[in-house]
Amino acid sequence: MTDLPKTYDPSSIEPAIYKLWLDANAFRANPADPGQPYCIVIPPPNVTGALHLGHAINDTLQDILTRVARMRGMNTLWVPGIDHAGIATQAVVEKQLKEKENKTRHDLGREALVARIWQWKEQYGDRIIEQLKRLGSSADWSRTRFTLDEGLARAVRQTFFKLFKDGLIYKGKRLVNWDIHLQTSISDDEIYHETVKTSLWHIKYPIVDDAPSARGTGILPVSSSAHGQDARATHMVIATTRPETMLGDTAVAVHPDDPRWNWAIGKSVLLPLLNKKIPIVADPILVNMEFGSGCVKVTPAHDPNDYAVWQRQNGNIDIINILTPDGRINENGGPYAGLKRDAARKKVVEDLTAQGLLEKEEPYETQIGHSDRSKTAVEPYLSEQWFVHMAPLAEPALKVVRENKIKFFPERHAQQYLSWLGEKRDWPISRQLWWGHRIPIWTKEIDASTAAPIDSLQSQTIRDTQIIMRTVIAEDRGANYVCIPPGHPDIEKEFEAQGFIQDPDVLDTWFSSALWPHSTLGWPDETPDLKKWYPTSVLVTGRDIITLWVARMVMAGLYNMGDIPFHHVAINPIILDGKGERMSKSKGNGVDPVDIIDSYGGDALRFTLTQMATETQDVRLPVKKLADGRNTSDKFDAGRNFANKLWNASRFALANLAEIAPQPIDEKSWSITDRWILSRLMRTIQDADAALSAYRFDLYAKACYDFFWRDLCDWYIEAIKPELKSGPRQAQVAHILAATLDHSLRLLHPIIPFITEAIWAKLCEVRPERGIPGRIMACASPLLIHAAWPHFNDDLTSEGAEHVFTQLQNLIIAIRNIRNEYKVDQKTPISLSISAPGDSARQILANQPLIENLATCKIVEVKADLVPIPNSARGSASNCDIYAHNLANAETQDQRLSKRREELNKQISALRGRLSNESYTAKAPAHLVKQTQDQLAEAEAELARLS
RNA sequence: GGGCCGUUAGCUCAGUUGGCCAGAGCGCCUCCCUUACAAGGAGGAGGUCAUCCGUUCGAGCCGGAUACGGCCCACCA
């Protein structure tokens, strides 16, 4: 086959093959087509970033499942898409704006900023799709979705409306995680903790009598000792890592059982700097008596724990916000108003020092929450946010997993899902951003002072459209909230005319991601897609978003569709670098899949990643830096080498098949080798099916690899080479070679689609008819992507052939071993006498040409009771002894023999020990005891022959 | 602090319900550019399965404890 190059060059083939599939509309799904539905929706990559290896493994595995399902004749759909990634994307564009034009979003305004982000999205969204294509992804691009597209917008509004109607959405004042830089709240899940070196400041708060206030009055007279009830302190020492927050202190808490302080409960302290009296309260939950002074400042508006104290105190202490949204001290901070938080801290410490109220400052290390997006420290911040009430949604979502309606692979991951959902913590869904789905609520304030407290939910109908109004009047505020379903701008305008204002916030990105499986299929419309493919078959994802995403999809699917979004959740491992660290841009250890595709090919990348897809939680990929600064890894050699092997073996097969005219199949003429390779093929199909149904991609790849390289290339092709050249069996072995290559390509196609498709085309050209009637299916498709998945056919398995061929392999290896150890030239045959009992001798004689060919030897005689040949090299394989003539070399021989004797002696004593153990012979299964006895006999016999 | 995972050859990982001498790829050693493939072929060396205790006739696998590493969640002013 001279028209195929000797080394496989992926870059010259992959783009053409991909075009072939696109031109054939091979990825395009049609709900009207026959076949059981099979559907996967892609975990949409964030539009902010280029794909990395984590995406590459995830998408490769989805493509494998998609291609297998398609070959199995299922009506298969893989839905691609991209996530708008609210905070992340807006942050990137804002950063650019700042760097390039020195402008903030406020300079630009809402509409202009959103327009900019859309521009940015067009550019980078396409790049991600291109990357997916280079991976070979067989997704239906005509169905590509974006979490901010029109359909999603409708789905989001419909869902929100339903939740609002059901009373599951409420507005609440809550302490949220505030990102000062981006000026938005972020969820707990968007925070990472970083250890920061700071100080612990010990501040004196003078204790004052509980005299009615107006002015901070007299300090209690005291003795100097701080111990005991009789020796009462004049001040409390409060330790804090955030001195500036004392401006918002509204109490000091002590433990009610603490004898040092419980006498002070009900009294007050004078808050330094602001000279304000604040109460001393008891709180056994917040205060740990063992820690520090036993006194804790309480800043409800700026600390989650203190906020909890405020709630427990039931309005008996104040809650004072001292920050502006951009992180400055507000008017409540008195003289500090206007200072940024860092400056305020500095000034507060200075002033305390000046007043002698700073007892000490000591170095301290603490974990501080940082925003994942802006990388700045988050601020607990009191603000009004929309929440989703989780309990009613979580309960059914817990149930479907507990009852195995949704199964996780590996199973253990269900635990994380269950424990997270079990907490049922309400979900804050509003984000103070402009990029995202705007909250579909219109608000009109009500003067709370004139009305009685109320919280009512009413339905109204305007021109056949239901809208929901919620009226809330509380002590400090009152408002009418109206939620309008999608598609009624006229109604929106009417409310706006009445003074209703649409909420400026947008929804958490995960709100739209949660709807992904049904919204991409067309919901809220009852589309044919939705009918055909919902619930989807399997979700393939990483374990890091089991809570963020998987759990929310299950809740949303059950809520909107009344059915689970997918049957299986397959968790793929996370790829770490060689040191076990997560890949990231800042660490510089990330590997770009496109770099790998450029230098190794898409198939090589996919094959290596598939091999790595084991059940462990992480896999390591040793990373190497190239001269040009890019990262790569030797691991991908494995994939490239395999592709090259497939290429060359196929070249060989194709060249021969082109020369050999087909003749009718004659099963009677099949040799043990033929039967063996067909049996091995069947086992491989079986193994691949089992691995795939357990989502064990590594085992699937290994089964195919071992069959193709080890069995087919190393043994079968080598074995049939002489017969392929000439002779009566030429056409028969050609048939089997064609059939095994055909099935190898089918089995491997989902993993390495490009090269297999390319070879398939050649094979169809050279050998259009290559099945074995009634046994192995014939070619039915000019494109491999549409070819049928191999069937397991038990008629072709043969334990006998496998057993005999294994014996022959062992014999051949033993002979090769002798050749190597005695350093016989590769081309020089050695002549042998073999001592073998009846059955084995018959097999050896029947396969004499095979053995002589593969071991480069000449078998002179084979018999049962051969007298050891003097002046010969000895070897053994199971029950056969091999004598290689004229190779005597006393030294080598002695070494080999004594080594073998040693092995046998060790084995014999172990086996004897086992058999002399009465409880073994009594309790172990009979066949094992028998096996042990046989082994002992065999070892003893061989030892005897060696003496 | 709570939970999950890992520890098997120099490296990266398999090892299915406990049962022949614990496997693969890469790397290493010897030989071979043999007419599909040197990105290859033939052969080989290399492991007290983290440690300890237990269950069992029998443990890499089951139970308990310890050590080290990773991740998730909650976080002490």
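Note that the structure is a prediction, hence the values are computed from the model and not measured. Proteins come first, then strands; the chains are lettered A, B, ... in the order of their sequence lines, and each starts at number 1.
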Contact class for A/Glu718 (heavy atom, under 4.0 Å): base, sugar-phosphate, or nothing?
base

Base, sugar-phosphate alone, or nothing: which one does A/Thr7 contact when heavy atoms must sit under 4.0 Å apart?
base

Sugar-phosphate only, base, or nothing, as touched by A/Lys899 at under 4.0 Å among non-hydrogen atoms
sugar-phosphate

Report which part of the nucleic acid A/Lys6 touches: base, sugar-phosphate, or nothing (heavy-atom distance under 4.0 Å, all strands).
sugar-phosphate

Mind checking A/Asp714 for me? I need base, sugar-phosphate or nothing, with any heavy atom below 4.0 Å counting as a touch.
sugar-phosphate

Answer with base, sugar-phosphate or nothing: what part of the nucleic acid does A/Asn817 contact at a heavy-atom distance below 4.0 Å?
sugar-phosphate

Is A/Trp709 touching bases, backbone alone, or none of the nucleic acid, heavy atoms closer than 4.0 Å?
sugar-phosphate

Any salt bridge linking A/Asp258 with A/Arg260? Criterion: basic side-chain nitrogen under 4.0 Å from a carboxylate oxygen.
yes

Looking at A/Glu940 and A/Arg912, is there a salt bridge between them, counting it only when a charged N and a carboxylate O are closer than 4.0 Å?
yes

Heavy-atom donor-acceptor pair, A/Arg710 side chain to A/Tyr705 backbone, under 3.5 Å:
no

Under 4.0 angstrom, heavy atoms only, what part of the nucleic acid is A/Cys295 near: base, sugar-phosphate, or nothing?
nothing

Rounded to whole Å, CZ of A/Arg651 lies from P of B/C37 at a distance of 6 Å

So for A/Gln415 and B/C4, does any side-chain atom that can act as donor or acceptor lie under 3.5 Å from a complementary atom in the base?
no

Heavy atoms under 4.0 Å, any strand shown: does A/Ile574 hit a base, just sugar-phosphate, or nothing?
nothing

Would A/Arg620 and A/Asp577 count as a salt bridge (Lys or Arg N to Asp or Glu O under 4.0 Å) if you check the C-alpha gap in whole Å, the side-chain angles of each, and the deciding distance to 0.1 Å?
CA-CA 5 Å; A/Arg620 292 179 180 202; A/Asp577 72 4; over 6 Å; no

Check every strand shown and say whether A/Arg543 touches a base, only sugar-phosphate, or nothing at a heavy-atom separation below 4.0 Å.
sugar-phosphate

Closer than 3.5 angstrom, by distance alone: can the side chain of A/Asn631 be matched with the main-chain N or O of A/Val591 as a donor-acceptor pair?
no

I'd like to know if the side chain of A/Asp637 pairs up with that of A/Tyr600 as donor and acceptor (distance under 3.5 Å, no hydrogens or angles considered).
yes

hbond_proxy A/Lys721 side chain to B/A36 base (donor-acceptor, 3.5 Å cutoff):
yes

Counting any heavy atom closer than 4.0 Å, what does A/Arg640 reach on the DNA or RNA strands: base, sugar-phosphate only, or nothing?
base

What nitrogen or oxygen pairs link the protein and nucleotides 8-10 of chain B at under 3.5 Å?
none

With a 4.0 Å cut-off on heavy atoms, is A/Arg242 in touch with a base, just the backbone sugar-phosphate, or nothing at all?
nothing

For B/C37, does the base pair up with any side-chain atom of A/Lys645 as donor and acceptor (N or O, under 3.5 Å, distance only)?
yes

With a non-hydrogen cut-off below 4.0 angstrom, is A/Asn917 in contact with a base, only sugar-phosphate, or nothing?
sugar-phosphate

Considering every strand and a 4.0 Å limit on heavy-atom distances, what is the contact class for A/Leu699: base, sugar-phosphate, or nothing?
sugar-phosphate

Count the heavy atoms belonging to other residues, nucleotides or ligands that lie under 6.0 Å from CD of A/Glu362, then report whether that count exceeds 12.
yes

